[in-house]
Amino acid sequence: MKKLFLLLLVVSAYSCKTAQSTASKDNSNPTKYINSISEKDLKKMLYTIASDEMEGRETGSPGQKKAGLYMIEQYKKSGISFPKGASDYYQHIPASYLNARRNENLADSENIWAFIEGSEKPDEILVISAHYDHVGIKNGEVYNGADDDGSGTVAVIEMAKAFAKAKKQGHGPKRSILFLHVTGEEHGLHGSRFYSENPLFPIANTIADINIDMIGRRDVEHSNTNNYVYVIGADRLSSDLHNAVVAQNEKYIKMDLDFKFNDPKDPNHFYERSDHYNFAKHGIPSVFFFNGVHEDYHGKDDTAEKIEYDALTKRTKLAFSIAWELANRENRPVVDKK
């Protein structure tokens, strides 16, 4: 009887310890990890991504592939692996797919993906996306695409680093996060369309897409300040997503949210013009962060020295705070609109 009593005590103690170790982590305050997002690191990465060495990152070009290798190197340095179920950091896209709609003689290209597995709901996936292609070389001049979309590219990498740091310190996201760098955006959103049609994880399990496309400059509408960002699409499918964007901004960032281009009647149709749209078409709540069009849009002077790094950093922090909320909240965003 005495031995049985001792055995029960041991089992009980072990069960309590196991329950404590698997208890839900308190991820209610992301401030420490928001503040880990580094202007210095964003600038260093962008000066490489948007350098002449990358030859304008035309879809499928040697320069784009070189940029991709640099991006993968950043993930490896931070201990962030490629997704479960994939064999490497690449989702290969054949030229036949890229040229099917209009033949532009594009070469084979790749989406690049990295992954942090969720601690409690690993089968639910938050996608954070940005395109890493640009328009290449024209008339012998490199079109560097620092803002379009070098800014979004480095923002996604820096956000991944912040999530990896949180995970190492016992505060990893409760849902899984797919960091998705898509190709072929400039030729018709090809990379995001390919992923949406060939998803690594079921579309039904994808809770939202946070898309970042041009967040390093300002437009003429905001000539006196860079403390703003255009928010597009958050409320098109989900009031929950819109409310999360507004609440996280008010709580942590306090940036001016400009919804001008979110108007369905906006003649620019920006909602349909970036990679989030290929997720939204499948009923996935999606939000697009954007600084607006400036004088160097698709021009040869969209260079790293013209980026406003304080604005890039603050907008990256905003996107991160929203990603943190979506990855850790109790319920996924409800789709309550069509």
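Side-chain contact of Asn262 with Asp235: a donor-acceptor pair under 3.5 Å is present, judged by distance alone. Checked by atom type, the side-chain pair Asp26/Ser28 shows a donor-acceptor distance below 3.5 Å.
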Evaluate the side-chain hydrogen bond (donor to acceptor under 3.5 Å, both in side chains) criterion for residues Asp310 and Asn226: first the C-alpha distance (whole Å), next the side-chain angles of each, then the deciding distance (0.1 Å), finally the verdict. CA-CA 9 Å; Asp310 58 337; Asn226 62 21; 3.2 Å; yes
Please lay out, stage by stage, how Leu46 and Thr153 fare under the test side chain to side chain contact (heavy atoms under 4.5 Å, CB included). CA-CA 8 Å; Leu46 188 51; Thr153 299; over 6 Å; no
Go through the steps for Asn111 and Thr183 under the test side-chain hydrogen bond (donor to acceptor under 3.5 Å, both in side chains), then give the verdict. CA-CA 5 Å; Asn111 290 335; Thr183 187; 5.5 Å; no
Is there a side chain to side chain contact (heavy atoms under 4.5 Å, CB included) between His294 and Met214? Walk through the geometry before answering. CA-CA 10 Å; His294 48 74; Met214 297 176 59; 3.9 Å; yes
Set out, in order, the CA-CA distance, both residues' side-chain angles and the distance that settles salt bridge (charged side-chain N to carboxylate O under 4.0 Å, His left out) for Glu120 and Arg175, then state yes or no. CA-CA 6 Å; Glu120 295 182 18; Arg175 291 179 175 85; over 6 Å; no
Stepwise, does the salt bridge (charged side-chain N to carboxylate O under 4.0 Å, His left out) test hold for Lys161 with Glu158? CA-CA 5 Å; Lys161 288 165 59 179; Glu158 189 70 7; 3.1 Å; yes
After noting the C-alpha distance and the side-chain angles of Tyr228 and Tyr230, does the key distance pass the ring-ring contact (aromatic ring centres under 6.0 Å, His included) rule? CA-CA 7 Å; Tyr228 77 95; Tyr230 289 108; 5.7 Å; yes
Apply the test salt bridge (charged side-chain N to carboxylate O under 4.0 Å, His left out) to residues Arg273 and Asp213: give CA-CA distance (whole Å), side-chain angles for both, the deciding distance (0.1 Å), then the verdict. CA-CA 10 Å; Arg273 287 172 54 184; Asp213 192 352; over 6 Å; no
Could you go through Asn249 and Lys254, starting from their C-alpha distance and side-chain angles, then the distance that decides it, and tell me whether this counts as side-chain hydrogen bond (donor to acceptor under 3.5 Å, both in side chains)? CA-CA 5 Å; Asn249 177 64; Lys254 301 190 184 305; over 6 Å; no
Between Ile207 and Leu326, is a side chain to side chain contact (heavy atoms under 4.5 Å, CB included) present by the stated rule, with each step listed? CA-CA 8 Å; Ile207 69 157; Leu326 297 178; 4.3 Å; yes
His131 vs Asn211, side-chain hydrogen bond (donor to acceptor under 3.5 Å, both in side chains): CA-CA, chis, key distance, verdict: CA-CA 9 Å; His131 73 91; Asn211 185 53; over 6 Å; no
Can you list the steps and then say if Glu39 with Lys43 is a salt bridge (charged side-chain N to carboxylate O under 4.0 Å, His left out)? CA-CA 6 Å; Glu39 180 175 331; Lys43 185 173 184 177; over 6 Å; no
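The environment of Asn103 atom CG is dense: over 12 non-hydrogen atoms of other residues, nucleotides or ligands sit within 6.0 angstrom. Heavy-atom contacts from other residues, nucleotides or ligands closer than 6.0 Å to NZ of Lys251 number 12 or fewer. Other residues, nucleotides and ligands place more than 12 heavy atoms under 6.0 Å from the NZ atom of Lys337. More than 12 heavy atoms of other residues, nucleotides or ligands lie within 6.0 Å of CD in Gln169, so this atom counts as buried by the packing criterion.
Contact check for Ile157 versus Met71: side-chain heavy atoms found under the 4.5 Å cut-off. Contact annotation: the side chain of Phe279 approaches that of Tyr195 to within less than 4.5 Å [non-hydrogen atoms, C-beta and beyond]. Between Asp148 and His298 the shortest side-chain heavy-atom distance falls below 4.5 Å. In this structure the side chain of Ser176 reaches within 4.5 angstrom of the side chain of Phe115, judged on heavy atoms. Between Asp240 and Asp336, the closest side-chain pair of non-hydrogen atoms is not below 4.5 Å. Taking 4.5 Å as the limit, some side-chain heavy atom of Val335 sits within range of a side-chain heavy atom of Pro285. Side-chain contact check for His222 versus Asp258: some heavy-atom pair is nearer than 4.5 Å. With contacts defined as side-chain heavy-atom distances shorter than 4.5 Å, the pair Glu104/Arg102 qualifies.
Closest non-hydrogen pair, Ala107 versus Ala95, comes out as C-CB, 3.8 Å. Considering all non-hydrogen atoms of both residues, Leu312 and Thr316 come closest at O-OG1, 2.7 Å. For the residue pair Ile215 and Ser151, the shortest heavy atom distance occurs at N-OG, 3.0 Å. For the residue pair Asn144 and Ala50, the shortest heavy atom distance occurs at ND2-O, 3.0 Å. What you find for Ala244 and Ile322 is that their closest heavy atoms are O-CG1, 4.4 Å. Between Leu241 and Pro333, the closest heavy-atom pair is N-CB, 4.5 Å.
The side-chain contact (heavy atoms from CB on, under 4.5 Å) with Tyr132 is formed by just one residue from the set Ile112, Val182, Asp149; it is Ile112. Checking Ser129, Ser274, Ser192 one by one against Glu185, the side-chain contact (heavy atoms from CB on, under 4.5 Å) holds for a single residue, Ser274. If you run side-chain contact (heavy atoms from CB on, under 4.5 Å) between Leu318 and each of Leu257, Ile34, Thr313, Val231, only Leu257 comes through.
Between Arg217 and Glu308 no salt bridge is recorded (no basic side-chain N to carboxylate O distance below 4.0 Å). For the pair Asp147 and Lys306, the salt-bridge criterion is not met [side-chain N within less than 4.0 Å of a carboxylate O]. Looking at Glu55 and Arg57, no side-chain N of the basic residue comes within less than 4.0 Å of a carboxylate O on the acidic one, giving no salt bridge. Using a cut-off of 4.0 Å between Lys/Arg side-chain N and Asp/Glu carboxylate O, Lys174 and Glu124 are scored as not salt-bridged.
A parallel orientation is assigned to the rings of Tyr75 and Tyr89, their planes being inclined by less than 30° (bins at 30° and 60°). Using bins of under 30°, 30° to 60° and over 60° for the plane-to-plane angle, the ring pair Phe179/Phe163 lands in the tilted bin. Between Tyr33 and His171, the ring-plane angle classifies as tilted under the 30° and 60° cut-offs. Ring-plane geometry between Tyr271 and His276 is classed as tilted, the angle between the planes lying from 30 to 60 degrees on a 0 to 90 degree scale. By the 30° and 60° cut-offs, the orientation of the rings of His187 relative to His190 is parallel.
Centroid-to-centroid, the aromatic rings of Phe270 and Phe290 come within less than 6.0 Å. For Phe194 and Tyr97, the distance between ring centers is under 6.0 angstrom. Tyr252 has its ring centre no less than 6.0 Å from the ring centre of Phe320.
For Arg315 and Phe289, the positive end is not near the middle of the six-membered ring at less than 6.0 Å and at most 45° from its axis. A cation-pi arrangement, defined by a distance under 6.0 Å to the six-membered ring centre and an angle within 45 degrees of its axis, is present between Lys138 and Tyr143.
Remark: Glu58 pairs with no residue by the salt bridge (Lys or Arg N to Asp or Glu O under 4.0 Å) rule, at least two apart or across chains.
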